[in-house]
Amino acid sequence: MRRESIPLLDFLKETKGSILILTHENPDGDALGSAMGLYLFLKKQGKDVTVGCKDRVPHFLDFIPHSEEVISIPDGRFYDIGIIVDSAGFYRAGAEVKVAKRIRIDHHVGGEFYGRHDFIDPKAPATASLVYELISAWDESLIDAEIATCIYAGLATDTGFFRYSNTNEYTFELAKKLVSFGADPNYVYRMFAERESVNKMKLIAKVLETLTLYEDGLVAGITIFDRFFKETGTDYTDSEGLVNYPRSIEGVEVAFAMIEKPEEGVWKVSLRSKLNADVSKIAERLGGGGHKYASGCKIKANSYEEALDKLLSEIRKQLELQKILH
Ligand code: 5GP
Ligand code: MN
């Protein structure tokens, strides 16, 4: 992408302060890949840098180089600079941190803004591509195979391995560069997608039993009750990506997954659309956010039925607004 300048670049070059890089809770490949790529690069530049996350690195992302160095937050330490990646705001970290200055690197629409050092572009295919722009403008010669692998992991996972609508000429140009710096596409795919547990297959079987169609097949949803995790020996991280099953059905325009989180007293909702529906609008009205084709929110309700009703009525409203449903 062509850009005049990146104010964050000069700021980071000059700073001698301590830096905490944060991902959102339940990190995905783009969040962790972006954080670790930036972390490894800043370390090479001699900066005082740490990566923090509320949740443990999930198994499907533990191949990301040096991800074992991620610390658990809140950690009680004070940092001069906090940089949150792939998140609409610091609230997405899911824990309080003590930082003097807040910065956001992200590709979500809207969200919170902290000042001129934010580096936000909703047109970027992944937050990882913004991290690449930043570090390559600084010193491309420092991008080694590990840093390239982190960024490639972010780019590949957020584009559904180069299938989603954020896949374009630029995405492939960047992927090509990252491969030339040492990222291995087959390795990243195998590590991310082909290390599932048998228990996860049992979870999928249960979850698919809940598959329900609404609005004459325009909407499809699945539900992941907390007891499913207990019955199959899986956990929340095993719910990643399951929303792609309802989306894959012919004729479905909006797909959702409702995941029970009893410890927070909420239903975590993942929303996906295929062609026209803008699910970010649905998520925003329910207090969340995201992208046109992939977004999420949390719904607080007294019962499953109440949460489902709230969600379905917002989906219907959006489909009517966009004249997809008459
Ligand atoms: P997922 O469904 O995979 O959790 O998230 C899809 C997209 O929606 C991601 O870009 C994610 O950052 C965003 N998203 C998910 N949950 C929330 C939420 O609770 N609040 C906001 N603002 N965005 C969310
Ligand atoms: Mn992302």
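Throughout, residue positions are numbered sequentially from 1 according to the sequence presented. Order of listing sets the numbers, starting from 1, for every ligand and every atom in it.
Remark: T50 OG1 to L20 CG distance equals 6.0 Å, nearest 0.5 Å.
Nearest non-hydrogen protein atom to atom 2 (O) of ligand 1 is S270 OG, 2.6 Å. The single protein non-hydrogen atom nearest to atom 6 (C) of ligand 1 is R272 NH1, 3.6 Å, given as residue, atom name and distance. Of the protein's heavy atoms, G296 O, 3.5 Å lies nearest to atom 18 (C) of ligand 1. For atom 22 (N) of ligand 1, the closest non-hydrogen atom of the protein is Y91 OH, 2.9 Å. Of the protein's heavy atoms, C297 CA, 3.6 Å lies nearest to atom 19 (O) of ligand 1. Considering only non-hydrogen protein atoms, atom 9 (C) of ligand 1 sits nearest to H108 NE2, 3.7 Å.
Residue contact annotation: D86 places an N/O/S atom under 2.8 Å from the Mn ion (ligand 2). The Mn ion (ligand 2) lies at 2.8 Å or more from every N, O or S atom belonging to H108.
Close N/O approach between G289 and ligand 1 is found [any backbone or side-chain N/O within under 3.5 Å]. An N or O contact shorter than 3.5 Å is missing between K298 and ligand 1 by distance.
One finds a salt bridge joining K298 and E25 here, because a Lys/Arg side-chain nitrogen approaches an Asp/Glu carboxylate oxygen to under 4.0 Å. Between E196 and K200 a salt bridge is recorded (basic side-chain N to carboxylate O distance below 4.0 Å). We find that K281 and E284 are not joined by a salt bridge, their nearest charged nitrogen and carboxylate oxygen being 4.0 Å or further apart. Salt bridge R104/E112: absent, no basic N to carboxylate O contact under 4.0 Å.
At a threshold of 4.5 Å between non-hydrogen side-chain atoms, the residues E253 and N276 count as touching.
Not a single heavy atom of E240 sits closer than 4.0 Å to an atom of ligand 1. At a 4.0 Å cut-off, not a single heavy atom of Y293 sits close enough to ligand 1 to count as contact.
Sorting the N, O or S atoms of D158 by how far they are from the Mn ion (ligand 2) puts OD2 first. Looking at D30 and the Mn ion (ligand 2) together, the shortest N, O or S contact belongs to OD2.
In the hydrophobic cluster analysis, where Ile, Leu, Val, Met, Phe, Trp and Tyr join through side-chain heavy atoms closer than 4.5 angstrom, I120 is grouped apart from Y170. In the hydrophobic clustering of ILVMFWY residues, with side-chain heavy atoms under 4.5 Å counting as a link, Y39 and I84 come out apart.
Those atoms of ligand 1 with a heavy atom of G288 less than 4.0 angstrom away are 20 (N), 21 (C), 22 (N). Atoms of ligand 1 found under 4.0 Å from any heavy atom of H291, numbered from 1 in the order shown, are 10 (O).
Each of F229, F228, F225 was compared with I259 under the side-chain contact (heavy atoms from CB on, under 4.5 Å) criterion, and only F229 meets it.
Using cut-offs of 30° and 60° on the angle between ring planes, the pair W138 and F41 is perpendicular.
Judged by the 6.0 Å and 45° rule, R247 forms a cation-pi pair with Y164.
Evaluated by nearest non-hydrogen atom to atom 11 (C) of ligand 1, the leading choice among H24, H107, R92, K268 is R92.
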